[in-house]
Protein chains: 2
Amino acid sequence: MSYSIGEAAKMVGLTAHTLRFYDKEGLLPFVKKTSSGLRAFTESDIEWLKIIECLKGTGLPLKQIKQYIDWCMEGDSTIPQRLNMFIEQKKHVEEQKAKWEKHLAKINFKIKYYEDAAKHGDLNVFDRHPELLKEKNKLFED
Amino acid sequence: MSYSIGEAAKMVGLTAHTLRFYDKEGLLPFVKKTSSGLRAFTESDIEWLKIIECLKGTGLPLKQIKQYIDWCMEGDSTIPQRLNMFIEQKKHVEEQKAKWEKHLAKINFKIKYYEDAAKHGDLNVFDRHPELLKEKNKLFED
DNA sequence: GCTTGACTTAGAGTTAACTCTAAAGATTAA
DNA sequence: TTAATCTTTAGAGTTAACTCTAAGTCAAGC
């Protein structure tokens, strides 16, 4: 059993347009067509789409995702490259997580700041809570 | 004391081109110019740039960052909107963090998979470790 | 005073990732 | 069998966020 492009799109949360675009970009060399020319997505193809989504979701550009797909199509000789790519991507994700953590601390500070401002209707927050100034400087110092 | 556009750019890890672009887009209404027309960034302006970087770094589009800046320029009456924006952005960051956590689990699985593949020089990983199949299906089930 | 490098503007060009259109062919349900 | 709803292609258009160019102005060091 297989799925039409519309069904496949719905299953992975993309549009049929986007899947065709990916195909055109060479990201879906594994997708076969019926005798009348319609794309037929298998369960295995859906798995591929999920891996693509995972890599895209962690910020890997489509070009590099294509590189990975190409390695997969090339065979066992590219296993080291693929392993390396995932190790690099793991590193990238962990760096991003750290960055987001820092940004979140700043956002939390701003929420605290504006909550006080909203309570009093003005921005004299540091007059009311001088200790917050040190906290702010620490958060934004780099 | 104030900084030239090049100095300011270096301080926040952007280019002078990008700062001019931000200015053109209305993100830097607070930056004043010298009598001869050169932008002069104050310490306070650098703080603004860091907040912009924080919001941009958590995925807020420049248009919405401009909206925030506009609110700031408008005065105390927009404090509730600004508070609300940061609360929304906090929510967004936390959703993203959860998403990245899921992607990371998939990437870690792939690393495990390709490490075994690399060790044996082939992709018969699930023949050697049938229990990994269940793990894979759990990770990619949604 | 002169050179060198940074700065100014307006505006054009780039890149990634879609997003949509048109015209034609395929599939499904009544 | 016919209408409605897919799907196909090629190719144009869009959006966000830069990125660069040209032609001229300004500032700092010798």
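Computation of the quantities below employed the complete heavy-atom set of this structure, encompassing side-chain atoms and omitting hydrogens, waters and symmetry-equivalent molecules. Residue numbering restarts at 1 for every chain, and letters A, B, ... go by the order of the sequence lines.
One finds no side-chain N or O of Lys24(A) lying less than 4.0 angstrom from the OP1 or OP2 phosphate oxygen of dT19(C). Ser4(A) has no side-chain polar atom (N or O) that falls below the 4.0 Å cut-off from OP1 or OP2 of dC6(D). Here Tyr22(B) reaches the OP1 or OP2 of dC18(D): one of its side-chain N or O atoms lies under 4.0 Å away. For Lys33(B) and dT9(C), the shortest distance from a side-chain N or O to OP1 or OP2 is below 4.0 Å. In this model, the phosphate group of dC18(D) is approached by a side-chain N or O of Lys56(B) to a distance below 4.0 Å at OP1 or OP2. Within the structure, a side-chain polar atom (N or O) of Arg39(B) is placed less than 4.0 Å from OP1 or OP2 of dT8(C). Side-chain N/O atoms of Lys63(A) include one lying less than 4.0 angstrom from OP1 or OP2 on dA16(C).
Criterion: ILVMFWY side-chain heavy atoms under 4.5 Å apart, direct or through other members. Under it, Tyr68(A) and Leu83(A) are part of a common hydrophobic cluster. Cluster membership for Leu38(B) and Val12(B), using ILVMFWY side-chain heavy atoms within less than 4.5 angstrom, is not shared.
Nearest nucleotide to the side chain of Ser36(B), out of dT21(D), dC26(D), dA17(D): dC26(D). The nucleotide whose nearest atom lies closest to any side-chain atom of His17(B) is, among dC20(D), dC20(C), dA27(D), dC20(D). The side chain of Ile5(B) lies closest to dT8(C), out of dC18(D), dA17(C), dT8(C). Candidate nucleotides dT21(C), dC18(D), dT8(D) were compared by shortest atom distance to the side chain of Arg20(A), and dT8(D) ranks first. Between dA17(C), dC18(D), dT8(D), one nucleotide has an atom nearer to the side chain of Pro61(A) than all others, and that is dA17(C).
Counting to the nearest Å, the C1' atom of dT19(D) and the CG atom of Leu14(B) are 13 Å from each other. To the nearest angstrom, P of dT9(C) lies 12 Å from CG of Leu19(B). The interatomic distance linking Leu28(B) (CG) with dA17(D) (P) rounds to 14 Å, in whole Å. Summarising the geometry, the separation between CD1 on Ile52(B) and P on dC18(D) is reported as 11 Å, rounded to the nearest angstrom. Computed from coordinates, the Gln64(A) CD to dA17(C) C1' distance equals 15 Å when rounded to whole Å. Look at OH on Tyr3(A): it is 15 Å from P on dT7(D), rounded to the nearest Å. To the nearest angstrom, C1' of dC18(C) lies 15 Å from CG of Asp23(A). Per the geometry, CZ belonging to Phe21(B) stands 17 Å off P belonging to dT21(D), to the nearest Å.
Side-chain contact between Glu135(B) and Lys138(B): absent, with no pair of heavy atoms (C-beta onward) separated by less than 4.5 Å. The shortest distance between side-chain heavy atoms of Ile107(B) and Ile111(B) falls below 4.5 Å.
Both Glu7(B) and Leu62(A) lie close to DNA chain C; mapped to their nearest nucleotides by heavy-atom distance, the more 5′-ward contact belongs to Glu7(B). Comparing Ala40(A) and Gly59(B) along DNA chain D, the residue whose closest nucleotide (by nearest heavy atom) sits nearer the 5' end is Ala40(A).
Residues Phe126(B) and Tyr113(B) bring their aromatic ring centres within 6.0 Å.
Although no hydrogens or angles enter the test, the distance criterion places a donor-acceptor pair under 3.5 Å between the side chain of Thr78(B) and the main chain of Trp71(B).
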